[in-house]
Amino acid sequence: MIPRDHPRYHSLVQREKLVRGYEQGIAVPEGLIAHGRGEAFDYLIGETTIPPARRAIRAAAAALLLASSPVISVNGNTASLCAEQLVSLAKTAGAKLEVNLFYRSSDRARRIARVLRRAGASEVLGVEPEAEIPDLSSQRRLVSRRGIYSADVVLLAVEDGDRTEALVEMGKRVIAIDLNPLSRTARRASITIVDEVTRALPLLTEEVRSLRGLDVAKLRKLASFDNSANLKAVLEHISRRLTELCPDF
Ligand code: PTJ
């Protein structure tokens, strides 16, 4: 039982959700380690949504609204942490949901699809993938033809770098949510939101709602994004924060 007034209440609740996800066969043990790496970066960032993340969220919302076939990719970690938020974004942005796993098993894919349907999804792709991402050897290559394979914009979170690169190579616009600004995913994605996934998703959904109705020219302007410059701003934020935290170093 985590006391509500614990200063790191939210973070501890996230850990419990992931552990429950692991016990229910939704997340893999490796996912717990990946989450720990994310937590370390979140600590450096200050466990808050920083201005560069806000800018990326705005660009991502515009890109989703401009997309003709947007897809949200779901893995074991994100299904455990934020199934409702993923479904809510998919509905708001008119995006499809697809299960895509690094440590793939049909049983886990089915369990994750069930979690998403229980959270309100009417359709979940990727349980019986019938297409492959070229030049990718991991299990993540297995995708749905109607989903990730033919998507023009793919949103992914808590993801390793290989598939991000492969999707960009296929000519897709990739929106990544990743707490590590130095990861291959963060550097190769078209728009990287350096933020904790459960903080970023509701903000992104809200931004999609608020930008809806803007004309295409305005959306295109918002969606054009210098990802490298934004990642540099994140690193500058971390560096400033370290100096503030340890002025004597
Ligand atoms: O469910 P599967 O089989 O698809 O496996 C999923 C994992 C997470 C095991 C797999 O994608 C993996 O190994 O990921 P990596 O290579 O460890 O990368 C995960 C990235 O997400 C790292 O850069 C972390 O810093 C970041 N991260 C971890 N937790 C969060 C996060 N970013 C945002 N929010 C988080 N909660």
Side-chain angles (χ1 to χ4, degrees), residues 8 10-19 21-50 52-53 56-57 60 72-83 85-86 89 97-113 115-116 126-127 129 133 136 138-143 148 154-167 174-189 191-204 231 234-235 238:
R8 303 197 59 256
H10 180 73
S11 168
L12 296 177
V13 169
Q14 301 293 80
R15 284 185 183 179
E16 288 222 333
K17 282 190 182 170
L18 257 187
V19 170
Y22 165 64
E23 287 165 353
Q24 293 170 349
I26 293 160
V28 285
E30 292 82 353
L32 307 182
I33 299 168
H35 185 79
R37 173 152 39 157
E39 279 189 347
F41 278 99
D42 208 14
Y43 198 85
L44 295 177
I45 285 163
E47 295 178 310
T48 185
T49 304
I50 59 176
I57 285 171
I72 299 172
S73 180
V74 183
N75 68 10
N77 280 44
T78 53
S80 304
L81 289 173
C82 49
Q85 294 175 339
L86 291 163
L89 175 62
L97 287 159
E98 176 163 342
V99 180
N100 183 272
L101 303 175
F102 187 81
Y103 300 100
R104 188 180 176 87
S105 77
S106 335
D107 176 58
R108 198 153 70 89
R110 270 197 299 275
R111 281 174 198 262
I112 292 172
V115 166
L116 291 170
V127 176
I133 298 173
L136 185 65
S138 81
Q139 298 273 60
R140 279 211 200 277
R141 71 182 186 280
L142 304 170
V143 290
I148 289 171
V154 178
L155 182 141
L156 45 88
V158 194
E159 164 101 22
D160 66 295
D162 283 8
R163 190 176 59 132
T164 307
E165 284 184 346
L167 291 172
V174 175
I175 300 167
I177 304 176
D178 189 335
L179 276 162
N180 178 1
L182 300 167
S183 75
R184 217 150 25 106
T185 285
R187 286 183 285 128
R188 284 307 308 265
I191 301 171
T192 303
I193 302 167
V194 181
D195 200 7
E196 206 281 319
V197 64
T198 66
R199 278 201 307 269
L201 283 175
L203 295 173
L204 180 54
L231 290 176
V234 173
L235 292 172
I238 292 174

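We use all heavy atoms of the structure for the numbers below, so side chains are in, but hydrogens, waters and symmetry mates are not. Order of appearance sets the numbers: ligands from 1, and atoms from 1 within every ligand.
Taking only nitrogen or oxygen atoms, main chain and side chain alike, Leu179 reaches within less than 3.5 Å of ligand 1. At under 3.5 Å, a nitrogen or oxygen of Phe102, whether backbone or side chain, sits near a nitrogen or oxygen of ligand 1. Residue Val28 has no N or O atom closer than 3.5 Å to an N or O atom of ligand 1. Polar contact with ligand 1: absent for Gly31 (N/O pair, distance under 3.5 Å). Remark: ligand 1 and Tyr103 share an N or O pair separated by less than 3.5 Å (distance only, no angle test).
When only non-hydrogen protein atoms are considered, atom 6 (C) of ligand 1 lies nearest to Asn75 ND2, 3.7 Å. For atom 11 (O) of ligand 1, the nearest protein heavy atom (residue, atom name, distance) is Arg140 NH2, 2.7 Å. Scanning the protein for heavy atoms near atom 8 (C) of ligand 1, the closest one is Ala34 CB, 3.6 Å. Among all protein heavy atoms, the one lying closest to atom 18 (O) of ligand 1 is Glu159 O, 3.5 Å. Remark: minimum distance from atom 34 (N) of ligand 1 to any protein heavy atom is reached at Val197 N, 3.0 Å. At the top of the distance list for atom 36 (N) of ligand 1, counting protein heavy atoms only, stands Glu196 OE2, 2.6 Å. Atom 1 (O) of ligand 1 has Gly76 N, 2.9 Å as its closest protein atom, hydrogens excluded (heavy atom only).
Between the side chain of Asn75 and the backbone N or O of Val158 there is at least one donor-acceptor pair closer than 3.5 Å. The main-chain N or O of Ala109 is never found under 3.5 Å from a side-chain atom of Arg104 such that the two would form a donor-acceptor pair. Listed for the Ser138 side chain is a donor-acceptor partner under 3.5 Å among the backbone atoms of Arg140. Side-chain atoms of Glu98 come within 3.5 Å of backbone atoms of Ile148 as a donor-acceptor pair (strictly under, hydrogens ignored). Panel note: side chain Arg187, backbone Leu231; no donor-acceptor pair is recorded below 3.5 Å. Checked by atom type and distance alone, the side chain of Arg188 never pairs as donor or acceptor with a backbone atom of Thr185 at under 3.5 Å.
Side-chain contact between Leu136 and Leu167 is absent, with no heavy atoms from C-beta onward closer than 4.5 Å. Between Leu204 and Leu155, some side-chain heavy-atom pair lies under the 4.5 Å cut-off. Side-chain contact between Val197 and Asn77: absent, with no pair of heavy atoms (C-beta onward) separated by less than 4.5 Å.
In this model, a donor atom of one side chain and an acceptor atom of the other lie less than 3.5 Å apart for Ser73 and Arg163.
Less than 4.0 angstrom separates some heavy atom of His35 from each of these atoms of ligand 1: 28 (C), 29 (N), 36 (N). The contact set between ligand 1 and Arg37, taken as ligand atoms under 4.0 Å from a residue heavy atom, comprises 17 (O), 25 (O).
Within the 4.0 Å heavy-atom criterion, the part of Arg108 lying near ligand 1 is the side chain and not the backbone.
Here the options are Glu47, Gln14, Glu39, the test is side chain to side chain donor-acceptor pair (under 3.5 Å), and the partner is Arg8; only Glu47 passes.
Between Leu201, Ile177, Asp178, it is Asp178 that holds the heavy atom closest to atom 23 (O) of ligand 1. The heavy atom nearest to atom 21 (O) of ligand 1, out of those in Asn77, Val158, Ile193, is found in Val158.
Under the 4.0 angstrom criterion, atom 13 (O) of ligand 1 counts as lacking any protein heavy-atom contact.
In this structure, Ala157 has no heavy atom closer than 4.0 Å to ligand 1. At least one heavy atom of Asp195 sits less than 4.0 Å from an atom of ligand 1.
Residues Ser80 and Leu18 share a closest heavy-atom pair of CB-CD2, 3.9 Å.
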